[in-house]
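Throughout, protein chains are lettered first and strands after them, A, B, ... in sequence-line order, and every chain is numbered starting at 1.
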There are 2 protein chains.
Amino acid sequence: MHNLLSSLRVDINSSLYLKDPESSSLGINIVKSSIDLIDLHGIEEFNFKKLAKAIGSTESSIYRYFENKHRLLLYISSLYWGIMEFQTVVQTNNMPDGMERLMKAVETLFSTPQTKCTSFEVEGQKLRHILNSEFVKAYHHKLVDEENEAGYFSIYKRLALRLSEMIAGVNANYRYNNSLASLIIEGSLNQYFLSEHFHNLTDCHSKDNLYEFYKDLLTKTLTS
Amino acid sequence: MHNLLSSLRVDINSSLYLKDPESSSLGINIVKSSIDLIDLHGIEEFNFKKLAKAIGSTESSIYRYFENKHRLLLYISSLYWGIMEFQTVVQTNNMPDGMERLMKAVETLFSTPQTKCTSFEVEGQKLRHILNSEFVKAYHHKLVDEENEAGYFSIYKRLALRLSEMIAGVNANYRYNNSLASLIIEGSLNQYFLSEHFHNLTDCHSKDNLYEFYKDLLTKTLTS
DNA sequence: TTTAAATGATAGTATTACTATTAACTTCGC
DNA sequence: GCGAAGTTAATAGTAATACTATCATTTAAA
């Protein structure tokens with residue numbers, strides 16, 4: 001299994017970057033350090049000048065890898081969803097029972113991403129924290145339709161469709177499998193944010209609680 | 001009822017503005033026109049220079065009402081949630097049956113806001129469209145905890161808690177009423193966005209569909 | 001009618017998000 | 001080991017944004 005993990009690679013849409021960051025140590029530094037900085041200060045406070053300073057390089061060098069910070073955020077987001085998809089596939093592989101599969105997928109979605117299967121040895125917690133806070137900004141903007149067309153969200157959508165299919169596998173008569181899948185994936189980001197910043201708008205303050213909440217919701221919705 | 005509607009006023013946290021926009025025609029113009037512009041071009045493209053031009057005033061005059069565009073967005077958001085809360089309360093008033101009450105509240109949440117009960121005669125559709133696209137940006141930032149502390153999200157939170165209490169009224173043993181309430185309110189914004197921009201990540205492309213999806217979810221979750 | 005308050009007009013600053021240019025360093029084929 | 005090609009660094013510059021400041025003018029209230 002370890003070999004499989006290290007040989008597989010998250011395949012990120014190549015139009016998200018100008019030069020593949022995995023192709024050089026500077027590129028890897030750009031991604032790793034940007035994850036540190038965005039995790040720490042948020043995307044608004046983050047810019048290429050600060051990033052350049054942090055890695056001891058220059059703005060112009062960073063611009064050779066990414067057109068702008070928005071694209072970099074999309075790259076980081078794809079990295080996250082790619083890892084999540086990979087883990088979901090690995091974890092649910094060869095599970096014959098539909099409900100068990102679905103629950104395993106949900107549990108995986110609420111877990112910390114394993115960054116081992118990438119070139120970037122970053123803390124999965126940081127990656128998830130970034131996605132919790134910043135992913136909504138990656139698609140809530142004027143050019144979302146163009147970017148969606150260009151495939152910048154394809155990994156995210158593929159994961160949602162996988163989940164949707166798993167839901168259909170549990171109950172083929174359920175009419176809202178796509179909406180339910182989106183609801184869960186959104187929740188996997190948002191409920192953590194609520195716990196951190198709007199404490200009494202959620203009852204889930206641990207991964208276990210969250211899993212229980214969605215398990216209950218899904219079991220009742222799909223089997224009653 | 002009409003008198004009640006016109007005499008009641010959505011009470012917005014006064015630290016969101018420097019000078020109450022409802023106190024002058026310029027203030028009302030600022031809010032009305034900003035809703036038009038943000039609806040049309042999104043919050044990133046929007047700035048006080050463009051707003052000033054649109055209403056035939058100046059940047060400096062607008063800065064006398066709102067400290068910055070972020071505060072203005074928070075003001076508009078409070079307006080939306082205030083209307084939603086008001087409508088929910090009016091619509092569910094005197095309903096003895098808990099489930100019926102909850103369903104009416106959900107239906108109201110997915111409806112277009114009635115702006116009659118404000119000083120701003122704007123199209124409710126625009127207001128909802130802005131919230132669908134921009135509300136997440138109102139709290140996904142570095143200063144969220146400070147702003148939350150200052151009460152900038154109090155109407156939103158009060159609405160979530162009302163919904164949470166309604167859920168508890170249906171099933172007192174359900175342990176996740178806060179999380180479920182947040183999930184519904186988030187969904188009332190997000191599922192519309194999905195329908196518009198990520199069409200096949202949802203099955204709900206009308207208000208009726210959405211209502212059915214959540215009705216099914218809530219009925220099964222709370223009564224089985 | 002006087003006075004204060006509100007608004008307009010204009011100018012200016014710091015920061016951001018880039019673009020352009022040139023110089024220096026690295027790497028790779030030969 | 002050498003030169004060419006590619007990569008990165010250093011520096012400078014631009015347009016737009018998000019304000020702040022000042023003072024003149026208009027409007028409203030006492």
N/O donor-acceptor pair, side chain B:S61 with base C:dA6, under 3.5 angstrom: no
Atom pair distance, as rounded to whole Å: CD in B:E45 and P in D:dA18: 10 Å
Atom-to-atom span, OH of B:Y63 to P of C:dT7 - whole angstrom: 17 Å
Nucleotide N/O to protein N/O under 3.5 Å, stretch nucleotides 24-30 of chain D:
none

Spacing of B:F48 atom CZ relative to C:dT10 atom P, expressed in whole Å: 21 Å
Distance, rounded to the nearest Å, where B:I62 contributes CD1 and C:dA6 contributes C1': 14 Å
Touch class at under 4.0 angstrom, heavy-atom based, for A:E67 against every strand present: sugar-phosphate
For A:K104, salt bridge (charged side-chain N to carboxylate O under 4.0 Å, His left out) partners two or more places apart: A:E107
Residues A:K142, B:E44: salt bridge by 4.0 Å N-O rule: no
Nearest-0.5 Å distance, OH of residue A:Y75 to OG of residue A:S15: 12.5 Å
Other residues, nucleotides, ligands: >12 heavy atoms within 6.0 Å of A:Q91 CD: yes
Contact under 4.0 Å: B:K49 side-chain N or O vs D:dT17 OP1/OP2: no
Whole angstrom value for the distance that separates P of C:dC18 from CZ of A:F46: 12 Å
N-O pairing of A:E121 and A:K116 below 4.0 Å: no
Most 5' of B:Y65 and A:H70 on DNA chain C, judged by nearest nucleotide: B:Y65
Under-4.0 Å side-chain N/O to phosphate OP1/OP2 contact, A:S60 with D:dA9: no
Presence of donor-acceptor pair under 3.5 Å, side chain of B:R64 and base of C:dG8: yes
Atom-to-atom span, NZ of B:K50 to C1' of D:dA15 - whole angstrom: 13 Å
Atom pair distance, as rounded to whole Å: CG in B:N47 and P in D:dT17: 5 Å
Residues which pass ring pair (Phe, Tyr, Trp, His ring centres under 6.0 Å) with A:Y80, listed by chain and number, not counting sequence neighbours: none
A:T58 side chain near D:dA10 phosphate (N/O to OP1/OP2, under 4.0 Å): no
Other residues, nucleotides, ligands: >12 heavy atoms within 6.0 Å of A:D11 CG: no
Base C:dA6 paired with B:S24 side chain (donor-acceptor, <3.5 Å): no
Length of the CZ-P vector between A:F66 and C:dA17, whole Å: 16 Å
